[in-house]
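As structure tokens, the structure follows; a few thoughts come after it.
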Amino acid sequence: MKQKLPASLNEFRLLTRQAIDHRERFWAGQARRLKWQKDFAAVVQEDFSQAEVSWFLEGRLNPTENALHRIIEKGMGEKSALTFYPEDGAAETYTFSALKEKVLNLAAAFSREGLTQGDCIALNLPNCPEFVFCALAAAYLGVTYLPIGCHLPAALVADDVRASHSKLLIMEHRPPLGNDKPHVETVHSLLGSLGIIIVGEKLKGLPTLEEFAAHTDSKDPEPAYPRANHPLFAIYENRLAGKPVGIVFDSGGFLVQAHTSFDAVFNKALNQNEPENIFNTLDPSKSVGQAYGLWGPLTNGLGIVIAEDNSGIHTIETILEEQGNPAMLCHPGLVSDIKNQLDREHLKTDKRFSIIACCGESLPPRLIKFADGVLVKAPEFVVNMWVQNKCGTALLHTYPSPELNRPGSLGFGTLGVEPLIMNDFGQICKTNISGNLVFARSWPSMGRATWGAETHFKKTCFTKFPNHFQTYDGVRFDKDGFHWFMGRLDDVIKVKGQTLGTSQIEAMILSHPAIEEAVVVSTAGESGEELVVFVVTREPIQDEDTFITLLNTYITEKVGHFAVPEKIVIARELPRTSTGKLVRRLLRRIASGDAGANEDTSHLANAESVKDLIKKHEE
């Protein structure tokens with residue numbers, strides 16, 4: 001019988017304390033649940049003063065063998081490992097044995113092309129079977145892979161590929177927008193002679209993934225056994241800073257914590273009704289998608305379910321009917337979309353998800369209330385996960401257990417990791433006092449700086465609180481130890497699952513020749529934060545609707561469609577104090593509709609009204 005987590009709050013807090021007090025022993029035990037080609041000599045070596053961390057020193061393992069071969073050796077070779085639901089046609093299913101065969105065949109093709117341990121390939125793919133094949137095949141050979149979101153424009157895709165020194169790019173063939181060239185052709189023209197492989201429709205002059213994998217040697221390639229600190233994958237973010245700056249995740253540490261965290265939330269916290277697979281709706285270009293939508297489930301012997309139409313009610317109903325007791329991994333926006341589609345109707349099935357794990361933002365109580373009975377059998381089966389890209393896996397989360405869950409809460413620090421809440425003077429905050437969420441010690445899945453970005457990483461994460469990892473999130477904890485999100489402490493917001501810096505977006509908008517001033521604020525929307533942009537133009541705009549459309553196109557081309565604001569307001573001037581300081585809080589109130597009955601955005605075009613608004617809100 002599998003060991004379970006205690007359902008009692010007091011017993012759970014005791015277990016949490018023991019895992020923190022005996023951190024190295026705890027993580028050594030978790031690591032040895034996996035298969036190592038060479039055991040590690042030490043658990044961790046860290047120096048936060050230099051932003052240097054290394055886990056499972058001298059240990060060697062192969063991530064793909066742990067995700068496939070190890071599961072097959074346990075007698076689960078014919079268990080479903082991957083199921084894909086296309087928008088049209090029947091579902092495709094691969095058992096662990098079939099997935100292993102597919103992966104090794106592709107690994108042989110990579111090897112034939114000369115790819116070897118230490119190389120990097122870029123994967124500009126959506127959540128699809130081909131992404132799973134490529135990631136596992138690369139890891140089998142010790143080749144680092146770089147997931148690049150399909151929401152990014154061609155110029156940013158090319159920037160990421162160049163920055164990572166990728167030797168191969170595998171990408172989806174997207175249809176062109178308007179009269180533009182196809183996305184693949186644009187990227188190809190920017191990258192010159194770099195090899196590109198297509199997933200999807202055939203494009204003249206470029207091989208498809210099926211063609212690339214054909215005619216390989218029938219003999220399986222030899223697996224690589226890199227050291228635990230060898231890069232498994234990398235993710236670029238903060239592209240608006242002028243160059244790609246990202247995070248690298250180690251093979252050993254990331255795999256151990258992804259395996260442990262997934263098991264704790266989806267298996268060990270449930271007294272019964274364990275899921276057989278997980279419906280993953282998250283973007284593979286985020287570390288949380290890698291942890292809980294790929295490596296976590298496979299290393300625990302659970303199947304992955306993915307679909308082209310993630311939010312369609314028919315897809316949800318089909319997966320619940322056809323898959324054995326599935327869990328679901330999503331952003332809050334998906335639950336909101338399902339609620340809006342149902343519009344007080346009910347699913348045409350009595351089956352429910354065993355767990356819904358929400359990442360990116362806390363699922364608000366109103367959506368948990370909706371999910372209760374409609375998507376899950378009880379509210380405690382809706383789990384909130386706090387995770388940032390740099391963290392790799394969730395460091396705070398609730399559990400699917402009545403005593404270990406509170407609607408809207410971020411829950412507890414994950415086992416073996418201790419969150420701290422500090423005020424701006426570096427003092428630990430007391431109960432229910434909001435402060436900075438920091439960590440004084442590392443954790444296995446913690447990201448490292450991408451190549452050439454070490455200074456940026458140290459300055460960003462370790463400067464404000466020396467010897468502490470800074471998250472820039474405001475958090476408090478209550479008398480029972482539950483953590484609650486209180487807001488961001490910098491200019492970073494999350495929109496549609498993407499992390500955006502408002503100052504960086506403002507700088508990009510200001511690069512438009514028609515814009516004199518620009519201010520970006522966020523407001524609470526139906527399913528999370530939304531962007532509202534206030535701009536002052538250099539010359540009066542005759543046709544505002546056309547100008548706003550053109551500006552949205554400009555933003556899409558520079559950053560991606562995910563950064564297109566919910567609303568753009570053209571103003572004659574922006575509200576400022578008598579000393580010239582911009583009154584952002586007033587703009588936030590106006591954007592959220594909370595500036596009073598007569599204080600709509602049209603007042604911004606009138607100087608006297610702006611002054612009146614400022615005066616009123618300063619009093």
>> Within this structure, what is the OG-CG distance for the pair Ser354 and Asn325, rounded to the nearest 0.5 Å?
In response: 4.5 Å
>> Are Trp443 and Cys391 packed together at the side-chain level, in the sense that at least one heavy-atom pair is separated by less than 4.5 angstrom?
In response: yes
>> With side chain to side chain contact (heavy atoms under 4.5 Å, CB included) as the criterion, how do Val265 and Met385 come out once you've worked through the C-alpha distance, each side chain's angles and the decisive distance to 0.1 Å?
In response: CA-CA 10 Å; Val265 174; Met385 289 181 156; 3.9 Å; yes
> Do Asn423 side-chain atoms and Gly426 backbone N/O form a donor-acceptor pair below 3.5 Å?
Replying inline: yes
>> Using a strict threshold of under 4.0 Å (side-chain N to carboxylate O), is an ion pair present between Glu274 and Lys268?
In response: no
>> Please determine whether the number of non-hydrogen atoms from other residues, nucleotides or ligands lying under 6.0 Å from atom CD of Gln341 exceeds 12.
In response: yes
> If only atom types and distance count, is the side chain of Trp484 paired as donor or acceptor with the main-chain N or O of Asp478 below 3.5 Å?
Replying inline: no
> Hey, what's the ring geometry for Phe477 with His483, parallel, tilted or perpendicular (30° and 60° as the breaks)?
Replying inline: tilted
>> For a side chain to side chain contact (heavy atoms under 4.5 Å, CB included) check, start with the C-alpha distance between Leu347 and Ile313, then their side-chain angles and the critical distance, and finish with the verdict.
In response: CA-CA 8 Å; Leu347 294 173; Ile313 296 300; 4.0 Å; yes
>> With a 3.5 Å distance limit and no angle check, can you tell me whether Ser285 reaches the backbone of Ile148 through a side-chain donor-acceptor pair?
In response: no
>> Could you tell me if the side chain of Phe56 sits less than 4.5 Å from the side chain of Val43, heavy atoms only?
In response: yes
> Under the 3.5 angstrom rule, does the side chain of Arg352 hit a backbone N or O of Val374 as a donor-acceptor pair?
Replying inline: yes
> Taking the inter-plane angle between the rings of Phe469 and Phe457 on a 0 to 90° scale, is it parallel (under 30°), tilted (30 to 60°) or perpendicular (over 60°)?
Replying inline: tilted
> Would you say the side chain of Trp55 lies within less than 4.5 Å of the side chain of Asp250, judging by non-hydrogen atoms?
Replying inline: no
> Does any non-hydrogen side-chain atom of Gln30 lie less than 4.5 Å from one of His259?
Replying inline: no
> How about Phe254 and Gln290: do any of their side-chain heavy atoms sit closer than 4.5 Å?
Replying inline: yes
> So, for Lys286 and Ile235, which heavy atoms are closest and what is the spacing to 0.1 Å?
Replying inline: C-CD1, 3.5 Å
> Do Lys567 and Thr523 come within less than 4.5 Å of each other through their side chains, counting heavy atoms only?
Replying inline: no
> Which atoms form the tightest heavy-atom contact between Leu367 and Lys339, and what is the distance?
Replying inline: CD2-CD, 3.7 Å
> OG of Ser287 to CG of Asn389: how many Å apart, nearest 0.5 Å?
Replying inline: 4.0 Å
>> To check you understand the geometry: which heavy-atom pair defines the closest contact between His468 and Phe462, and what is its length?
In response: O-CD2, 3.5 Å
> Within the distance-only criterion (no hydrogens, no angle test), does the side chain of Thr398 pair as donor or acceptor with the backbone N or O of Asn384 below 3.5 angstrom?
Replying inline: yes
> Which heavy atom of Ala234 sits nearest a heavy atom of Pro147, and at what distance?
Replying inline: O-CD, 3.0 Å
> Taking the side chain from Asp47 and the backbone from Glu52, do they hold a donor-acceptor pair closer than 3.5 Å?
Replying inline: no
>> Between Gln388 and Thr471 (side chain of the first, backbone of the second, donor and acceptor by atom type, cut-off under 3.5 Å), is there such a pair?
In response: yes
> Can you tell me if Thr299 uses its side chain to pair, donor with acceptor, with the backbone of Gly296 under 3.5 Å?
Replying inline: yes
> Where the side chain of Asn405 meets the backbone of Pro400, is there a donor-acceptor pair that is under 3.5 Å apart?
Replying inline: no
> If we only count heavy atoms from C-beta on, is the Leu363 to Pro407 side-chain gap below 4.5 Å?
Replying inline: no
>> Does Glu517 form a side chain to side chain contact (heavy atoms under 4.5 Å, CB included) with Val535? I'd like the steps, not just the answer.
In response: CA-CA 6 Å; Glu517 291 184 278; Val535 298; over 6 Å; no
> What class does the angle between the rings of Phe279 and Phe353 fall in, given that below 30° is parallel, 30 to 60° is tilted and above 60° is perpendicular?
Replying inline: parallel
>> So, applying side chain to side chain donor-acceptor pair (under 3.5 Å) with Asp21, which one of Arg23, Arg25, Arg17 is it?
In response: Arg17
> Between Cys359 and Val387, what is the shortest heavy-atom contact and its length?
Replying inline: CB-CG1, 4.3 Å
> CG/Leu334 to CG/Leu375 distance, rounded to the nearest 0.5 angstrom?
Replying inline: 8.5 Å
>> Which heavy atom of Pro565 sits nearest to which heavy atom of Asn552, and what is that distance?
In response: CD-OD1, 3.5 Å
>> If you define the side chain from C-beta out and look only at heavy atoms, does anything of Phe48 sit under 4.5 Å from Ser442?
In response: yes
> What class does the angle between the rings of Phe12 and Tyr399 fall in, given that below 30° is parallel, 30 to 60° is tilted and above 60° is perpendicular?
Replying inline: perpendicular
>> Atom CZ of residue position Arg33 - does it have more than 12 heavy atoms of other residues, nucleotides or ligands inside 6.0 Å?
In response: yes
> Rounded to the nearest 0.5 Å, what separation is found between the CG atom of Asn127 and the CG atom of Leu294?
Replying inline: 9.0 Å
> Measuring from Ile355:CD1 to Glu380:CD, what's the distance to the nearest 0.5 Å?
Replying inline: 10.5 Å
> So, Tyr292 and Ser261: side-chain donor and acceptor under 3.5 Å apart, yes or no?
Replying inline: yes
> Only one of Leu270, Ile356, Ile368 forms a side-chain contact (heavy atoms from CB on, under 4.5 Å) with Phe381, so which one is it?
Replying inline: Leu270
> Does the pair Ser8 and Asn10 meet the rule for a side chain to side chain donor-acceptor pair (under 3.5 Å), with working shown?
Replying inline: CA-CA 6 Å; Ser8 160; Asn10 288 334; 5.1 Å; no
> How long is the span from the CD1 atom in Ile278 to the CG atom in Leu298, to the nearest 0.5 Å?
Replying inline: 10.5 Å
> Between the main-chain N or O of Leu156 and the side-chain N or O of Tyr236, is there a donor-acceptor pair closer than 3.5 Å?
Replying inline: no
>> Show, in sequence, the C-alpha distance, side-chain angles and deciding distance for Arg448 and Glu454, and conclude whether the side chain to side chain contact (heavy atoms under 4.5 Å, CB included) test is met.
In response: CA-CA 8 Å; Arg448 319 289 190 264; Glu454 292 83 2; over 6 Å; no
